[in-house]
Amino acid sequence: MSSWATFFFLSFFSVFTCIKVSSQDLTLLYNFCPNTTTYSRNSTYYTNLKTLLASFSSPNSSYSTGFQSGKAGQAPDTVTGLFLCRGDVSQESCRNCVAFAVNESLTRCPNQSEAVLYYDECTLRYSHRNILSTLRTDGGYTLPNVNNIPRNQQDRFRDLVLATLNQAATKAVASSRKFDARKVNFTALQSLYGLVQCTPDLTGKDCLRCLQTSINQLPTERTGARLLLPSCGSRYELYPFYNESAVTTQTN
Ligand SMILES: *[C@@H]1O[C@H](CO)[C@@H](O)[C@H](O)[C@H]1NC(C)=O
Ligand SMILES: *[C@@H]1O[C@H](CO)[C@@H](O)[C@H](O)[C@H]1NC(C)=O
Ligand SMILES: *[C@@H]1O[C@H](CO)[C@@H](O)[C@H](O)[C@H]1NC(C)=O
Ligand SMILES: *[C@@H]1O[C@H](CO)[C@@H](O)[C@H](O)[C@H]1NC(C)=O
Ligand SMILES: *[C@@H]1O[C@H](CO)[C@@H](O)[C@H](O)[C@H]1NC(C)=O
Ligand SMILES: *[C@@H]1O[C@H](CO)[C@@H](O)[C@H](O)[C@H]1NC(C)=O
Ligand SMILES: *[C@@H]1O[C@H](CO)[C@@H](O)[C@H](O)[C@H]1NC(C)=O
């Protein structure tokens with residue numbers, strides 16, 4: 001297996017703040033595995049896929065940077081893939097999430113050559129096509145909160161959400177981890193929390209395009225929402241859904 005550079009990728013956006021997640025607790029948010037291209041269990045592709053997945057859950061993986069990409073096998077059976085942990089999660093949570101995703105991938109997507117599995121703390125992707133350093137905005141998913149912002153505050157809220165996330169996007173694009181999270185006041189009593197992240201293998205330009213696509217599709221009349229795409233994601237909430245201390249101690 002030729003392991004590519006260890007790089008990067010995307011992730012997400014937690015449901016609950018500061019809840020210690022054990023590998024048993026993870027909830028798959030969404031999986032995208034079109035059955036347009038499938039493989040059989042005794043194919044070389046399957047062997048290569050298992051090799052690649054094993055490398056992602058090996059102790060050597062780069063959980064500290066929260067991103068790794070790789071490639072296994074020779075054409076025409078090459079598999080490329082990556083995992084991305086949310087920018088604020090610890091190495092341990094990253095490792096747990098990736099192990100969980102790797103384990104679940106072959107049951108959720110039993111014979112599809114291409115898959116994206118989204119969890120709160122990580123995303124796992126693989127494909128028969130080269131997905132590395134490639135912007136992908138299909139196969140996305142929107143998760144809006146059920147609660148609405150009061151109608152008479154929706155315009156102001158929308159402006160604040162967009163301004164905050166666009167500011168975060170500008171910062172993320174310029175950072176090595178392609179990640180940013182920030183908090184602003186909505187009312188005297190309520191803060192708005194926003195988070196954006198791209199897979200760090202993207203160019204700044206592609207990352208920005210991805211984040212703009214994601215941010216512009218977010219519903220903003222809700223008290224929170226997230227939009228997950230293979231190459232990036234964005235989220236806002238009126239509660240701290242990411243680890244604030246992990247973000248402020250980060251050096252961009
Ligand atoms: C594999 O995919 C094909 C096409 O979608 C499907 O018909 C078949 O049942 C699948 N086989 C398994 C073992 O999941
Ligand atoms: C893909 O697979 C799912 C589950 O096996 C099946 O329900 C669906 O109809 C398939 N889609 C296509 C396009 O074959
Ligand atoms: C496995 O591969 C062999 C040879 O390519 C083929 O004859 C056989 O049907 C395959 N078995 C399954 C379960 O796909
Ligand atoms: C992990 O790293 C060690 C030492 O660098 C190496 O011997 C081992 O083969 C690696 N394991 C995998 C699964 O890459
Ligand atoms: C992997 O999945 C199987 C069943 O799907 C489960 O029994 C096992 O505990 C899982 N392993 C991990 C490490 O999550
Ligand atoms: C946000 O609200 C807090 C508490 O009301 C206040 O102390 C702080 O100055 C405000 N920050 C900004 C940037 O307005
Ligand atoms: C949040 O991040 C800080 C700094 O990295 C860490 O010490 C703390 O354990 C994290 N909290 C949680 C709940 O993960």
Side-chain angles (χ1 to χ4, degrees), residues 6 8-29 56-57 59 61-68 83-102 118-124 143 145 147 149-150 152-172 174-200 215 220 223-224 226 228 233-252:
T6 46
F8 88 127
F9 178 76
L10 163 69
S11 127
F12 305 82
F13 316 90
S14 68
V15 183
F16 303 112
T17 312
C18 298
I19 290 181
K20 196 76 194 164
V21 190
S22 77
S23 56
Q24 280 74 37
D25 293 327
L26 297 174
T27 305
L28 180 70
L29 299 172
F56 287 162
S57 49
S61 281
S62 51
Y63 304 116
S64 58
T65 61
F67 173 77
Q68 183 164 320
F83 68 73
L84 177 68
C85 290
R86 204 181 60 214
D88 62 291
V89 308
S90 66
Q91 280 190 55
E92 190 196 349
S93 301
C94 181
R95 183 189 309 115
N96 284 342
C97 187
V98 172
F100 192 89
V102 162
Y118 298 101
Y119 298 83
D120 197 21
E121 300 186 317
C122 70
T123 298
L124 174 70
L143 280 135
N145 284 0
N147 298 316
I149 293 293
N152 64 357
Q153 292 175 40
Q154 284 182 2
D155 287 350
R156 189 172 77 83
F157 189 67
R158 177 186 168 78
D159 290 347
L160 187 65
V161 167
L162 294 181
T164 304
L165 292 179
N166 283 322
Q167 235 170 53
T170 303
K171 266 286 196 197
S175 74
S176 60
R177 293 189 67 175
K178 301 274 191 291
F179 168 77
D180 189 75
R182 54 188 55 227
K183 161 170 120 170
V184 294
N185 289 343
F186 172 45
T187 65
L189 300 176
Q190 280 184 309
S191 297
L192 171 72
Y193 297 82
L195 184 153
V196 300
Q197 187 170 15
C198 294
T199 61
I215 292 166
T220 58
T223 56
R226 64 185 123 176
L228 309 172
S234 61
R235 182 177 186 184
Y236 72 89
E237 300 289 349
L238 289 174
Y239 63 88
F241 60 92
Y242 57 84
N243 183 341
E244 287 184 86
S245 26
V247 171
T248 50
T249 56
Q250 195 185 346
T251 53
N252 320 307

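Values reported hereafter were calculated over all heavy atoms of this structure, with side chains retained and with hydrogens, waters and symmetry mates removed. Numbering of ligands and ligand atoms starts at 1, following listing order.
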Validation row: Phe157, Thr223 side chains within 4.5 angstrom (heavy atoms): no
Interfacing atoms of ligand 6 (cut-off 4.0 Å, heavy-atom, Ala188): 5 (O)
Shortest heavy-atom approach to atom 2 (O) of ligand 7 - which of Val89, Asp88, Asn243, Val247: Asn243
From Leu160 atom CG to Asp155 atom CG, the distance as rounded to the nearest 0.5 Å: 12.5 Å
Identity and separation of the nearest protein heavy atom to atom 11 (N) of ligand 6: Asn185 ND2, 2.7 Å
Where ligand 7 meets Ser245 - atom numbers and elements under 4.0 angstrom, heavy-atom basis: 1 (C), 2 (O), 3 (C)
List the atom pairs, with distances to 0.1 Å, where a side-chain N or O of residues 183-195 and a protein N or O form a donor-acceptor pair under 3.5 Å, not counting sequence neighbours.
from   : atom 1 : to     : atom 2 : distance (Å)
Lys183 : NZ     : Glu244 : OE1    : 3.3
Thr187 : OG1    : Leu189 : N      : 3.2
Thr187 : OG1    : Gln190 : N      : 2.9

Heavy atom of protein inside 4.0 Å of atom 9 (O) of ligand 6, strictly below: no
Interatomic distance, Asn166 atom CG to Lys171 atom NZ [nearest 0.5 angstrom]: 15.0 Å
Cystine candidate Cys85-Cys94, SG separation under 2.5 Å: yes
